[in-house]
Amino acid sequence: MEGGSILETIGQEIIGVMSPVSICMLLVVLLVYTVYNPSSSAAATTTIRTAANLVYLESPNDSTAQKLEGAILNAVVFVVIITIVTFLLVLLYYYRFTNFLIYYTRFSVFMIFSAMGSSILISIIQRFDIPVDAVTFCVLLFNFTILGTISVFSNGIPIIVKQSNLVVLGIIVAAWFTRLPEWTTWVVLVALALYDLAAVLAPGGPLKLLVELASSRNEELPALVYESRPNVGRNSGARDSSLGLLVAAGLGMSGDNNSGSVELQQIWRDGNTDGTIEIQEREHLVIAVGENERTNGGETEDVREDQGETAPLIRDVDLTERLSRRNDVDNRSDGNRAPQGNEREAMEMEEMNARGIKLGMGDFIFYSVLVGRAAMYDLMTVYACYLAIISGLGCTLILLAVFRHALPALPISITLGSYSTS
Amino acid sequence: MTVAAGIGYALSALGPSLSLFTAVISHKPFLILILLSSTLVWLMSLIALSAVWRGFIPFKTAAWWPYALLILTSVASQEALRLFLWRLYKRMEELLDAFADRVSKPRLVITDKMQIALAGGMGHGVAHAVFFCISLLTPAFGSATYYVEKCSRIPFFLVSAMIALAFVTIHTFSMVIAFSGYSEGNRTDQYFAPVVHLAAGMLYMRSVPILKFEVSIAISEGVSSTTLLEIREDILIFRRCPHLQGIPIAPKNRVSPTEDGSLAAGGPSAYDYHLRLGPKFTGAIIIVTQ
């Protein structure tokens with residue numbers, strides 16, 4: 001709407017993050033409610049052996065104390081495994097094995113979409129008696145998987161496709177996690193919230209190291225993150241053209257510069273908040289894909305998913321500090337509406353890429369697991385839980401605006417959520 | 001209750017608020033945030049109240065007065081909450097105006113303020129509807145439906161959906177009326193909200209005892225009070241926005257000095273129309289469904 005009231009611009013970032021989280025939670029609740037209803041399906045009786053279940057397989061016949069002990073043991077093992085793997089990730093990133101990380105992440109995303117996604121689709125088909133034959137199913141699944149894998153990592157694809165595929169990824173993994181037994185789920189969630197707090201804020205925490213490494217190299221964080229980009233100002237049109245120019249500059253140059261590509265280079269180096277592109281200075285303008293990490297598919301490897309998924313909430317700090325203005329969304333949108341000259345345009349490109357909060361996929365997944373587990377009790381619990389998580393997320397985002405560095409998104413929401421469920 | 005019927009009941013309770021949401025609130029992220037936080041605050045106030053009443057419920061007697069007392073206290077607490085929200089809103093308004101000055105955008109106009117109040121009220125209403133109507137629907141999926149003996153002509157769920165609809169409207173619009181009453185010191189507006197709320201609550205309770213016709217009367221009275229609310233709301237808007245009446249704006253009538261004369265020249269802006277459409281639209285829906 002014209003008018004330019006501030007009501008339209010305040011809170012745009014927050015809503016940009018809250019709405020995919022809400023959609024993910026809603027779909028997981030629907031999935032759990034219709035397909036995985038523990039009273040009806042046989043899935044509850046067959047326990048899957050995942051990394052969260054390594055030590056103790058819970059069965060409904062055990063006593064409470066036994067269940068609690070076993071759940072705590074499970075949670076400890078799980079967190080230890082995640083810590084080890086995250087440190088491994090930091091090590092790999094430190095020694096610049098980024099390509100390995102990228103390919104591994106791509107492979108694991110492919111496995112998630114195809115293997116886990118297909119089993120969920122099959123259970124949906126069984127539940128609703130949808131008449132689909134195997135060949136059609138395979139073809140459609142293959143198409144969807146390929147598109148999903150590509151869209152999550154490349155940046156020639158419209159952002160909405162990437163965002164929706166990330167949400168589907170979150171739904172699939174969360175739906176799998178809700179099949180864990182009850183006590184284990186709760187204790188694992190609480191343990192992960194504590195781990196997140198420690199890993200991001202404590203001085204030796206792996207995620208903190210990762211964030212510092214990434215920002216000191218001016219690179220993108222190697223993680224699967226959901227990036228919300230409010231669509232004020234120019235978007236993919238300008239990006240594509242500058243991307244094209246950039247690629248041309250990169251291919252045609254060996255390290256020498258004319259002023260045009262230097263400018264682009266600098267802009268893009270500063271524009272490191274862009275989801276996937278970075279320029280590695282050491283390699284003569286080679287454009288590398290800087291988004292990696294992450295997990296897998298398959299049951300025994302469930303753990304690795306979480307290393308990246310507990311990636312913290314990040315707001316691009318460097319970029320906003322480069323802008324001479326304050327860290328207000330509206331300032332940037334203001335700048336976007338009144339472009340004046342090259343300098344402004346350069347800043348706008350930065351702004352355009354800089355705007356938007358990033359939320360790690362792990363947060364999506366564990367919020368949805370919490371809500372999905374609440375859905376197995378009662379719908380009102382779900383509603384209360386949803387409100388608690390949303391308010392926790394809102395608090396975290398406000399703290400993010402105050403503190404301006406990476407924050408763990410899990411603790412507050414999970415605390416409020418589990419409190420409201422009990 | 002079949003799934004189709006369940007969705008029907010849910011929509012009849014929440015349909016108008018959904019349409020209001022899509023028309024007015026979803027375009028402005030700030031209003032969505034206000035809606036979510038007012039839902040939260042209302043729920044927390046209910047939880048606090050239920051903690052207080054926990055020791056006394058369930059009532060052993062069949063008399064009506066404990067229930068009346070319960071309703072009285074809950075209405076009183078919700079109106080106190082409304083006052084508290086008003087104070088919070090005044091502070092937030094100052095912050096917002098300062099922010100608007102800093103980014104050189106126009107300050108909050110009267111329609112902006114009304115929209116904020118609308119979003120706040122709708123948060124309350126949606127919370128009420130979800131907790132008192134939708135919560136009854138989901139465990140009841142399956143075959144057969146449920147009738148109360150006292151009123152054997154309408155399914156129980158339909159009754160609860162209608163009552164929830166009435167309360168949604170009451171909550172939504174009484175917030176707007178109350179806020180404008182507080183801001184102008186208009187006593188009628190200020191007392192309008194608690195009185196209507198209390199009346200609706202008492203009518204709802206009146207459906208508990210004897211005659212089945214009481215239920216339908218309660219419903220229709222609740223709904224008519226909400227239509228009264230909407231007429232009130234329309235008059236309010238009409239009065240506040242002289243440019244909608246085609247009167248050229250005198251500078252002192254406008255809240256923000258930057259806009260004097262400009263709106264009269266350009267005609268009413270888009271969001272004024274949206275706000276005007278909202279209440280009329282929902283009023284039309286309610287009247288038609290009756």
Side-chain angles (χ1 to χ4, degrees), chain A residues 1-19 21-22 29-30 33-34 37 40 128 228 230-232 325-335 337-338 375 377-395 397-398 416 419-420, chain B residues 3 24-37 39-44 47 92 95-109 111-113 115-116 119 123 126-127 130-132 134-141 256 259 262-263 266 268-274:
Chain A
M1 305 180 185
E2 339 76 30
S5 156
I6 50 172
L7 288 189
E8 295 175 15
T9 46
I10 298 184
Q12 208 169 15
E13 289 178 338
I14 298 183
I15 295 296
V17 166
M18 276 189 190
S19 38
V21 171
S22 306
V29 165
L30 275 182
Y33 210 68
T34 58
N37 232 338
S40 56
F128 290 113
S228 75
N231 46 4
V232 181
R325 306 187 203 158
R326 302 222 153 196
N327 195 18
D328 281 329
V329 179
D330 306 278
N331 279 336
R332 282 178 250 149
S333 68
D334 220 10
R337 285 177 201 202
Y377 301 135
D378 183 21
L379 200 68
M380 282 303 108
T381 331
V382 171
Y383 187 59
C385 218
Y386 166 76
L387 281 178
I389 291 183
I390 290 286
S391 57
L393 186 63
C395 283
L397 290 173
I398 293 177
L416 287 176
Y419 176 68
S420 79
Chain B
V3 175
V24 179
I25 295 185
S26 65
H27 299 292
K28 306 199 174 181
F30 188 67
L31 295 179
I32 303 181
L33 287 177
I34 297 275
L35 189 120
L36 283 173
S37 32
T39 307
L40 254 178
V41 168
W42 194 84
L43 280 177
M44 290 201 293
I47 290 177
M92 189 181 66
L95 285 175
L96 284 177
D97 277 338
F99 180 74
D101 287 338
R102 204 168 54 176
V103 297
S104 54
K105 287 247 178 87
R107 293 179 151 220
L108 288 180
V109 193
T111 42
D112 285 340
K113 301 180 188 182
Q115 282 176 340
I116 293 179
V126 164
V130 170
F131 264 84
F132 290 107
I134 313 282
S135 64
L136 301 173
L137 294 178
T138 30
F141 281 127
S256 61
E259 284 188 331
S262 60
L263 273 177
S269 59
Y271 50 86
D272 292 334
Y273 271 126
H274 278 199

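Every chain is numbered from 1 and lettered A, B, ... according to where its sequence line falls, protein lines coming before strand lines.
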Using the test ring pair (Phe, Tyr, Trp, His ring centres under 6.0 Å), find all partners of B/Phe132 that sit at least two apart in sequence or belong to another chain.
-> B/His128

Would you say A/Met18 and B/Ile32 make side-chain contact, with heavy atoms under 4.5 Å?
-> no

Output for pair (B/Met44 CE, A/Leu387 CG), nearest 0.5 Å, gives 10.0 Å

Among B/Leu36, B/Ile47, B/Ile134, B/Val130, single out the residue with the greatest number of heavy-atom pairs under 4.5 Å to chain A.
-> B/Val130

Tell me, side chain or backbone of B/Leu96 under 4.5 Å from chain A's heavy atoms, or both, or neither?
-> both

Heavy-atom proximity to chain B below 4.5 Å, by part of A/Ile390 = side chain

Is the shortest heavy-atom distance from the side chain of B/Thr39 to the side chain of A/Tyr383 under 4.5 Å?
-> yes

